[in-house]
Structure formats: C-alpha cells, structure tokens
Asks: 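Please find one structure pasted underneath; my questions will follow.
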Amino acid sequence: MQNTRKKIAVIGSDAKMLVNFRGILIKEFVNCGFEVYALASNFDASTSKRITELGAYPVNYNLSRASLNPIHDIAVFLRLTQLLRKIKPDIVFSYTIKPVIYGTLAASILGIPKRYALITGLGYAFNESQGNDQLKRKIARVFATFLYRLALRRASKVFFQNKDDLSEFVNAGIVKSDKAVLVGATGVDLEHFRASLPPLQPVTFILVARLLKEKGVPEFVDAARFLRSKYRDVRFLLVGGLDPNPDSISKEEVEGWVKDGIIEWVGQVNDVRPYISQASVFVLPSYYREGIPRSTQEAMAMARPVITTDTPGCRETVIDGVNGFLVPPRNVEALVSAMEKFILQPELIVKMGTESRKIAEERFDVHKINKKLLEEMGL
C-alpha cells in the first residue's frame, strides 16, 4: 500500500542544536500526521536516537557553519539537492544562514511547493566590527546579502524572531514585506525549565554561550575581574564550548582566566539547568545580532534576573528595571554597574527573577510559538 502521508524536511546546521532547539517543533509536525525528515550535520548515535524517538528520521549531511570556502558551500548545496530529491518532501522548513540559503534554493530548483525559512539572528556577517576583520566581514556581508536575496525571493514565507531583523531585511529588499512574518523567539518548554529559588549567598553570575568574543565573553570576564577585586566571595560561571567561528576565543585564553581565579569554566554541557540553578543572575553582554537568545529564555524560565545588551534580539528579553537591566554593548563599566546592583541589593534577585518567569510564560512558551508557526504554515 502506497504511503500517502505528506513529508516535511526540517533543515538545520548541527544535529545537537536541531534536537535541543527544534525537537518540540519536530514532534508537533509528527503529531500533525507528517512524515518528518530531520537534516543536519554531526549526527551521532545519541542525537539519531533522540530524533527517532520524536518519530522523525535523522539524515546527516556535512556542513561547516563557519567555513567561508565557496567550494565547501557548493558541495553542501549539491548534497542538500541530492537528499531532497531522494526524500521528495512536500514542505521544506530551514533555519540558520546556510540551511536557509542552500535548502531554500535546492527546494526551489526541485519544485518543492512549500518553502519556509526561519531567520534566527544575523550573526557574524551582519555585525559591525570594531576589530581588524572589517574587510573580511564586509565581504561576508555582501555575499550573505546576495545569497539571502536569491534564496528568500523563492520562499513561501520568511519567519523572523525579532522586529529589527525583519525591518533590516525588508528595507534592504532582501525579503518582500508580504512574505515576512514576525513569530518571536524559539521558545522553551516551561515544564522542563521550571522556576527555582536563586541562591543569594554567594551571589553568582552566569554566562551561557558559545565562546565567541561577540557574545560578550571578554566583557563578562573584565567585569568579573574588577568585581572580584572588591567582592571576594562573588562567583562567576562561564558555561559554553569552543567554536570554529572566526570570532572565537581560544582554549588557552579561557584556561588563563580560570588559572587567574577570575571565572569558573565548565565547558559545553548537555543540560544547563544544574548550572542555572547555582546562579543568582544571568548575564549575556552579546552584540552578535541574536535572534532572541535561547540561553536567556531558559534562565528567565528558571526565574533568574537578566543583564543583557540593548541590541537586536537581546533587548527583547528584558524590561529594564523590571526583570533586569539593559546595558550598552561593549561597555564594561555599565556592565559592572548593573552587576554590582545585585551584589549590593540582593533582594532584587528574587524580585526580578519572579518577573523574568512571568515574561517567559507570556512570551517564550514554546508551545504557543510553535502553534503560531504551524498556523502560518497552514498546518
């Protein structure tokens, strides 16, 4: 008997991120009666098993997120075209820059009728550089803009997580306004990330992020260095793995910070909840052009106040003075001032953390956000 179930191909960059960030959405596609294929790189036995348990099929392809090598990217495009031709999906849903560009183009060439793209932040190419890589970044931005425009004119709809990215793409002519839809954050499972009382002694600050300079890691460390000189019992936790991005921080540099007693580094972890539970305040001094940072949403769901930057994506998570503080990007002095408020007024930790949980319930419930995506996709 011929299988009459319609098929969806979900295309991401990394298998672990696909499971962690899109697992619930994949499950909801399955629950809608679709045959779901999850395409990503770096599938191993564990991630393949988790996808299978969701009711979907894991499909591996080779992708380097940080590579600027055009030969590699052409190979990625050809491989995605080959896989989609074999799967024959009715719908393609892709997210992050390379899957969006190459997945949407491949789907268009193959005549796949419905092609949806989710912009989860603009990242390296669209961030303003203050370093010595300005030319490299400008070239990357020109190519990214060209490829985005080429691909997204072929998308059925383009979903955005924050209004700044949507406005930039529409104003630049990359996406037509009638195709652009603001859906909000990735969202988190509020049952999985439950509220808990933050520790007040010692006051503990946590940053959870890939170890990129533009995630604000150096600013966090500089603030920690200054505050440690004044308040010896304050803790600073850094949770995150090394990254191949051109903006990455070296292992030697991080180990130097640990050796100097400035921070505690636990590397990449599969479950951040035990570390957020140890923390009083979540800090993300990013200027990376985030979509809406997932790590911040997780901390808010667990009732932690937030200090972050007044930049696209990040500013969506904080009502200044209510559930935390917004600071200018690259401003260590302002970051120190905001962090010191919680040291001197620890009563703010529980008060603002409670407000974070309320905001998470209102705006970052993954089931509400996925429902809007499904509605926009006509599912």
Side-chain angles (χ1 to χ4, degrees), residues 1-19 21-45 47-65 71-120 147-159 175 179 181 183 370-379:
M1 185 175 176
Q2 189 175 6
N3 185 359
T4 58
R5 292 170 67 199
K6 289 194 173 184
K7 301 176 182 179
I8 297 180
V10 179
I11 309 177
S13 54
D14 178 78
K16 190 171 289 186
M17 293 171 69
L18 181 69
V19 171
F21 289 13
R22 307 292 159 201
I24 294 176
L25 180 62
I26 288 171
K27 182 65 176 176
E28 292 188 6
F29 285 149
V30 172
N31 290 342
C32 286
F34 289 90
E35 196 171 291
V36 183
Y37 294 81
L39 283 68
S41 61
N42 304 318
F43 268 110
D44 57 19
T47 48
S48 295
K49 181 182 177 184
R50 289 176 68 186
I51 287 292
T52 303
E53 288 172 346
L54 293 170
Y57 300 95
V59 181
N60 197 71
Y61 74 100
N62 184 36
L63 172 71
S64 171
R65 287 184 293 107
I71 295 174
H72 169 80
D73 284 7
I74 290 169
V76 169
F77 169 69
L78 293 174
R79 178 60 174 157
L80 282 175
T81 304
Q82 181 185 46
L83 289 170
L84 292 177
R85 182 181 288 117
K86 182 179 179 181
I87 295 167
K88 296 184 176 64
D90 302 278
I91 299 169
V92 167
F93 176 89
S94 54
Y95 72 99
T96 72
I97 179 169
K98 290 186 180 183
V100 161
I101 290 170
Y102 302 129
T104 304
L105 285 173
S108 176
I109 288 170
L110 294 171
I112 295 167
K114 293 186 177 180
R115 305 177 288 271
Y116 299 102
L118 172 63
I119 307 301
T120 56
L147 290 172
Y148 263 136
R149 187 177 285 118
L150 188 67
L152 296 182
R153 68 175 58 174
R154 292 165 171 81
S156 305
K157 286 185 180 180
V158 183
F159 303 123
V175 177
K179 285 186 178 182
V181 180
V183 293
N370 286 348
K371 182 181 178 183
K372 183 171 183 179
L373 270 173
L374 293 171
E375 289 173 349
E376 290 291 345
M377 294 170 70
L379 306 184

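The basis for the numbers below is simple: all heavy atoms, side chains too, and nothing from hydrogens, waters or symmetry mates.
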Asks: Looking at NE2 of H72 and NZ of K98, how far apart are the two atoms once the value is rounded to the nearest 0.5 Å?
Replies: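 H72 atom NE2 to K98 atom NZ measures 5.0 Å (nearest 0.5 Å).
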
Asks: Set out, in order, the CA-CA distance, both residues' side-chain angles and the distance that settles side chain to side chain contact (heavy atoms under 4.5 Å, CB included) for V59 and F43, then state yes or no.
Replies: CA-CA 8 Å; V59 181; F43 268 110; 5.6 Å; no

Asks: Please report the interatomic distance CD(E375) to CG(L373), rounded to the nearest 0.5 Å.
Replies: 9.5 Å

Asks: Measuring from atom CG of L39 to atom CD1 of I51, what distance do you get when rounded to the nearest 0.5 angstrom?
Replies: 10.0 Å

Asks: Go through the structure and list residues passing salt bridge (charged side-chain N to carboxylate O under 4.0 Å, His left out) with K16, not counting sequence neighbours.
Replies: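 In terms of salt bridge (charged side-chain N to carboxylate O under 4.0 Å, His left out), with neighbours along the sequence ignored, K16 is linked to no residue.
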
Asks: Compare all side-chain heavy atoms of T120 with those of F21 and state whether any distance is below 4.5 angstrom.
Replies: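 Answer no - side chains too far apart.
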
Asks: The criterion is side-chain hydrogen bond (donor to acceptor under 3.5 Å, both in side chains); which residues satisfy it with D44, sequence neighbours excluded?
Replies: T47

Asks: Does any N or O in the side chain of R154 come within less than 3.5 Å of the main-chain N or O of T104, such that one atom is a donor and the other an acceptor?
Replies: no

Asks: Which atom pairs, donor and acceptor, lie under 3.5 Å between side-chain atoms of residues 75-91 and protein residues at least two apart or in another chain?
Replies:
unit_1 : atom_1 : unit_2 : atom_2 : d
R79    : NH1    : Q82    : OE1    : 2.5
T81    : OG1    : F77    : O      : 2.8
D90    : OD2    : K7     : N      : 2.8

Asks: Give the minimum heavy-atom separation between M377 and Y116, together with the two atoms involved.
Replies: O-OH, 3.4 Å

Asks: Could you pull out the closest heavy-atom pair between L118 and V183, with the gap in Å?
Replies: CD1-CG2, 4.2 Å

Asks: What pairs with Y102 under side-chain hydrogen bond (donor to acceptor under 3.5 Å, both in side chains), at least two apart in sequence or on another chain?
Replies: D73

Asks: Report the residues that fulfil side-chain hydrogen bond (donor to acceptor under 3.5 Å, both in side chains) with R22, sequence neighbours left out, ordered by chain and then residue number.
Replies: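 Residues passing side-chain hydrogen bond (donor to acceptor under 3.5 Å, both in side chains) with R22: T186.
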
Asks: What distance separates I119 CD1 from Y148 OH, expressed to the nearest 0.5 Å?
Replies: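 Answer rounded to 0.5 Å: 4.5 Å.
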
Asks: Any donor and acceptor pair, going by atom type alone, linking the side chain of K157 with main-chain N or O of E376 inside 3.5 Å?
Replies: yes

Asks: Can you see which heavy atom on P99 is nearest to which on S13, and at what distance?
Replies: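 Shortest heavy-atom contact: CG-N, 3.8 Å.
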
Asks: Spell out, as yes or no, whether a donor-acceptor pair under 3.5 Å connects the side chain of S156 to the backbone of R115.
Replies: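 Checking the backbone N and O of R115 against the side chain of S156, a donor-acceptor pair under 3.5 Å is found.
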
Asks: Looking only at non-hydrogen atoms, find the nearest pair between A38 and L18 and report the distance.
Replies: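 Smallest interatomic distance, heavy atoms only, reads CB-CD2, 3.6 Å.
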
Asks: Is the shortest side-chain heavy-atom distance between L54 and V36 below 4.5 Å?
Replies: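 A side-chain contact under 4.5 Å is absent here.
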
Asks: Taking all non-hydrogen atoms of both residues into account, name the closest pair between K179 and L152 and its distance.
Replies: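 Closest approach of K179 to L152: NZ-O, 3.8 Å.
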
Asks: Does any part of the side chain of I26, heavy atoms only, come nearer than 4.5 Å to the side chain of I8, both counted from C-beta?
Replies: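 Of all side-chain heavy-atom pairs linking I26 with I8, none is under 4.5 Å.
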
Asks: Hey, does the side chain of S94 reach the backbone of A117 with a donor-acceptor pair shorter than 3.5 angstrom?
Replies: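 Not at all, since once roles are kept as given, no pair shorter than 3.5 Å links the two residues.
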
Asks: What's the spacing between M17 CE and N42 CG if we round to 0.5 Å?
Replies: 11.0 Å

Asks: Please evaluate residues L374 and F29 with respect to the criterion side chain to side chain contact (heavy atoms under 4.5 Å, CB included), reporting the C-alpha separation (whole Å), side-chain torsions for both, the decisive distance (0.1 Å), and the verdict.
Replies: CA-CA 8 Å; L374 293 171; F29 285 149; 3.4 Å; yes

Asks: Would you mind listing every side-chain hydrogen bond (donor to acceptor under 3.5 Å, both in side chains) that reaches into residues 52-62, with sequence neighbours excluded?
Replies: none

